[in-house]
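Written below as structure tokens is the structure these notes are about.
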Number of protein chains: 2
Amino acid sequence: MQRIPGSVTIDDVARHVGVAKGTVSRVLNNYTDISDATRKRILQAVKELGYQPSATARNLKRGRQDTLGIVIPVGHGSGADPFLAEFIDGIARALDELGLDLLVTTAHSREHMIETLHRLVARRKVDGFIITRTEVNDPRIAFLSEKEFPFVAHGRTSDPSGYAWFDIDNEAAFADGVRHLYSLGHERIGFIGGSLELNFALQRLHGYRQGLEALGVRHDPDLESLQDVSEKGGFAGAEALLSLDKPPTALLCVTDALAIGVVQFCRKYGLKIGSDVTVIGYDGLPVGEYLDPPLTTFSQSAQDAGGRVARKLIDVLDGTDPKSLQALAKAVLIRRASDGAPSMTPDELSKLFRDRLNHQPHSDTKGE
Amino acid sequence: MQRIPGSVTIDDVARHVGVAKGTVSRVLNNYTDISDATRKRILQAVKELGYQPSATARNLKRGRQDTLGIVIPVGHGSGADPFLAEFIDGIARALDELGLDLLVTTAHSREHMIETLHRLVARRKVDGFIITRTEVNDPRIAFLSEKEFPFVAHGRTSDPSGYAWFDIDNEAAFADGVRHLYSLGHERIGFIGGSLELNFALQRLHGYRQGLEALGVRHDPDLESLQDVSEKGGFAGAEALLSLDKPPTALLCVTDALAIGVVQFCRKYGLKIGSDVTVIGYDGLPVGEYLDPPLTTFSQSAQDAGGRVARKLIDVLDGTDPKSLQALAKAVLIRRASDGAPSMTPDELSKLFRDRLNHQPHSDTKGE
DNA sequence: AAGAGTTACAAAACCGATTTCGGAAGTCAA
DNA sequence: TTGACTTCCGAAATCGGTTTTGTAACTCTT
């Protein structure tokens, strides 16, 4: 009863032309056993009536939804993750070209995420999933694998062998980062990371250590601070590391958000970024460009990643073996202005910082 | 044939219990004419088999999709709009509570957007639409209104009488902004706006002018610069206005993106923000907090707006008269640190700026 | 104890497409 | 002519639910 008004069905078209609805369907789906004359009349009627087949009815019969799903984690009111925003943008663009749509849902906890996944799979609202921010042991991937439900991951898990994924070579990037900082003259290089359940955080930590080892330096656990992957976390991480007796002169952060927090911290205490303290982020977010100084960061084009991942998932749905759809890309270091040669030794930095701590902190905190 | 493996249907449940499938359906939909014994047996079987009804089949019969749609405009590779990201986040959170999902698609041009809208409506993939960034004469609203397809707008059009919307009182906000700047001591106040086809840009311009009028100042077209609503636009706008013979000492920008561009510009020429030049943005983006200095801005909580708009659309779908679902909210000025009393007169500012222009510009531009 | 109501469910129709099946009409070879 | 093939399309089954309709078996009335 409450039908959408003006919605024309295949029966309307069939009646209008005087054929069976099956015939209309065959014309629209390019079957060959239709005479040219009839085809033309039907096409004409379709155009006249503005008929478009109901996605629902078609899906019911076909068993496909032409829709992909993504579940994004949300914190408590913290605001959208800019990386994910770019990523989703990239997915949607890619899907648009293929006539598919993207279903976006949120989850506020790990349980909620699995629950949502479960619902969407069981109710068959989507044909496949895109998983982001993979964890070392990811319950989502376990769930979807077990259900044999198509999906693709952005990032790997501890065992990346059985599914399609796209990832960045995080180890290589961070090893490079260490080498880069070392060549700038930094001897003590700090690391601000995130929960080691997040695979990218773990990989970047490994890369950081590998980079040090390659230089013959033993990694110092004191220089590794694990925090919430957010601006607040970066702030806290900077505080922790710069308070050390022998603080690092350079900080390698696993995300731009963390790096932004570090910048905040340094600004608050009047430490000059790019000389007193060097900061490097990761994500290549556009925001970084507008920071003062513009943030040096590893870029992986979230948008591009979204597009790639979407296309991989389409391939999976088309029957390609997921195992053959695994790809590793390199991150590129975008040097802006937050890195440079150290202006002083760790000891001097420590002294400077303590000085600043005792004075009224630099008044650049927020007004009202 | 290519059915999702392990997908259990209502028939499976019915057979398992030994009842008709209609009976199962009635149990699941809380009909009363079922004996307790049968109800229990069916519920038991449902749990045992892990049955969840197919959304598609249900939708086909019900004529509803439990899905809302949003079409977001995307530029050419420019990156995601942070405001929209927050907005969508807010929508998705609200919908999650109600068991609805959000379909996100992109459109790269106005025509493409209408086309996408058309497709989604005709194929009935969504029950209603959320329209953002309304234009003074919005073809999307015209289209949906004519089709009598449910929708809600974030922002109004020139004739806002016939549909549901949520908007901010842009005029009031900008009039307030002018008053605020004037009270800080600014005599020449500039305006950096966007295309006047965007209703919010038009309204904010009106508000700006009203604010001036209320102070008995006649608005000066030279002080109004219309740009692309982006960082680049802000940069260009700042350049245009600060190059005037009598430049404004304060710039009111219609979005934070523009304000960020202004900050960039001032940084490049070594103009101190909050004293030499005052900048105020609009959107209350979290990013603004991390700028140096933190951006003073009108906040309207994109996330909150998303939630409100979503709930309004639900109400429309539930039969509430859209005309009764119109709401105007106030923007709040968040004072951070980019506004302050002018440190000099327009003439002095002009001289200072010309000086800086002739020297090598301050070297804070990006390194490679 | 007969007619009137309930109760509790089975059976069937329906939503709007796609796809299978089968048959009428036309074509061709024998 | 007649049987065998095509060509073209109508009829019906199907996807997996929801909703309507119908009815057997009880329970009340009076």
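Here is the naming used below: chain letters follow the sequence lines, and residue numbers restart at 1 for every chain. Quick note: numbers below take in every heavy atom, side chains included, and nothing from hydrogens, waters or symmetry partners.
- In terms of the salt bridge (Lys or Arg N to Asp or Glu O under 4.0 Å) criterion, residue partners of A:Asp66 (sequence neighbours excluded) are, by chain and number, A:Arg64.
- Residues passing the side-chain contact (heavy atoms from CB on, under 4.5 Å) test with B:Asp167, sequence neighbours excluded: B:Arg156, B:Trp165, B:Asn170, B:Gln203, B:Leu328.
- Atom CZ of A:Arg124 is separated from atom C1' of D:dC15 by 11 Å (rounded to the nearest Å).
- In this entry the distance linking NZ of A:Lys61 with P of C:dT18 reads 10 Å, nearest Å.
- Taking a 4.0 Å limit (strictly below) on heavy-atom distances, residues 15-26 of chain A reaches DNA chain C at A:Lys21, A:Gly22, A:Ser25, A:Arg26.
- Scanning for side-chain contact (heavy atoms from CB on, under 4.5 Å) contacts around A:Ser54 gives A:Thr56, A:Ala57, B:Arg124, with sequence neighbours left out.
- Atom-to-atom, CZ of B:Arg62 to P of C:dG16 comes out at 15 Å; the value is rounded to the nearest Å.
- Per the geometry, OH belonging to A:Tyr51 stands 10 Å off P belonging to C:dG16, to the nearest Å.
- Applying the salt bridge (Lys or Arg N to Asp or Glu O under 4.0 Å) test to A:Arg58 and every residue at least two apart in sequence or in another chain returns nothing.
- For residues 28-52 of chain A, no pair satisfies salt bridge (charged side-chain N to carboxylate O under 4.0 Å, His left out), with sequence neighbours left out.
- Atom CZ of A:Arg58 and atom C1' of D:dT14 are 16 Å apart (whole Å).
- If you take CG of B:Asp66 and P of D:dG17, they are 15 Å apart, rounded to a whole angstrom.
- Not one N or O on the side chain of A:Asp89 forms a donor-acceptor pair closer than 3.5 Å with the backbone of A:Gln303.
- Taking five base pairs at each end of the helix from C:dA1-D:dT30 to C:dA30-D:dT1 and finding the rotation axis that steps the C1' atoms of four pairs onto the next four gives two axes whose angle is 60°, to the nearest 10°.
- Proximity of residues 30-41 of chain B to DNA chain D (heavy atom under 4.0 angstrom from any strand atom) is restricted to B:Tyr31.
- Residue contacts for A:Asn59: at a heavy-atom cut-off of 4.0 Å it reaches no nucleic acid atom on any strand shown.
- For residues 98-107 of chain A, the side-chain hydrogen bond (donor to acceptor under 3.5 Å, both in side chains) pairs, not counting sequence neighbours, are A:Asp101-B:Arg119, A:Asp101-B:Lys125.
- Straight-line distance from the CD atom of A:Gln52 to the P atom of C:dG16: 16 Å, rounded to whole Å.
- Atom CZ in A:Arg64 sits about 17 Å away from atom P in C:dA17, given to the nearest Å.
- With sequence neighbours excluded, the residues satisfying salt bridge (Lys or Arg N to Asp or Glu O under 4.0 Å) with B:Asp12 are B:Arg15.
- In terms of the salt bridge (Lys or Arg N to Asp or Glu O under 4.0 Å) criterion, residue partners of A:Arg110 (sequence neighbours excluded) are, by chain and number, A:Glu135, A:Glu197.
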Requested in this report: Would you check, one step at a time, whether the test side-chain contact (heavy atoms from CB on, under 4.5 Å) holds for A:Thr23 with A:Ile34?
Outcome: CA-CA 8 Å; A:Thr23 307; A:Ile34 302 286; 3.9 Å; yes
List the atom pairs, with distances to 0.1 Å, where a side-chain N or O of residues 307-323 of chain A and a protein N or O form a donor-acceptor pair under 3.5 Å, not counting sequence neighbours.
| unit_1 | atom_1 | unit_2 | atom_2 | d |
| --- | --- | --- | --- | --- |
| A:Arg308 | NE | A:Asp304 | OD2 | 3.0 |
| A:Thr320 | OG1 | A:Asp315 | O | 3.1 |
| A:Asp321 | OD1 | A:Lys323 | N | 3.2 |

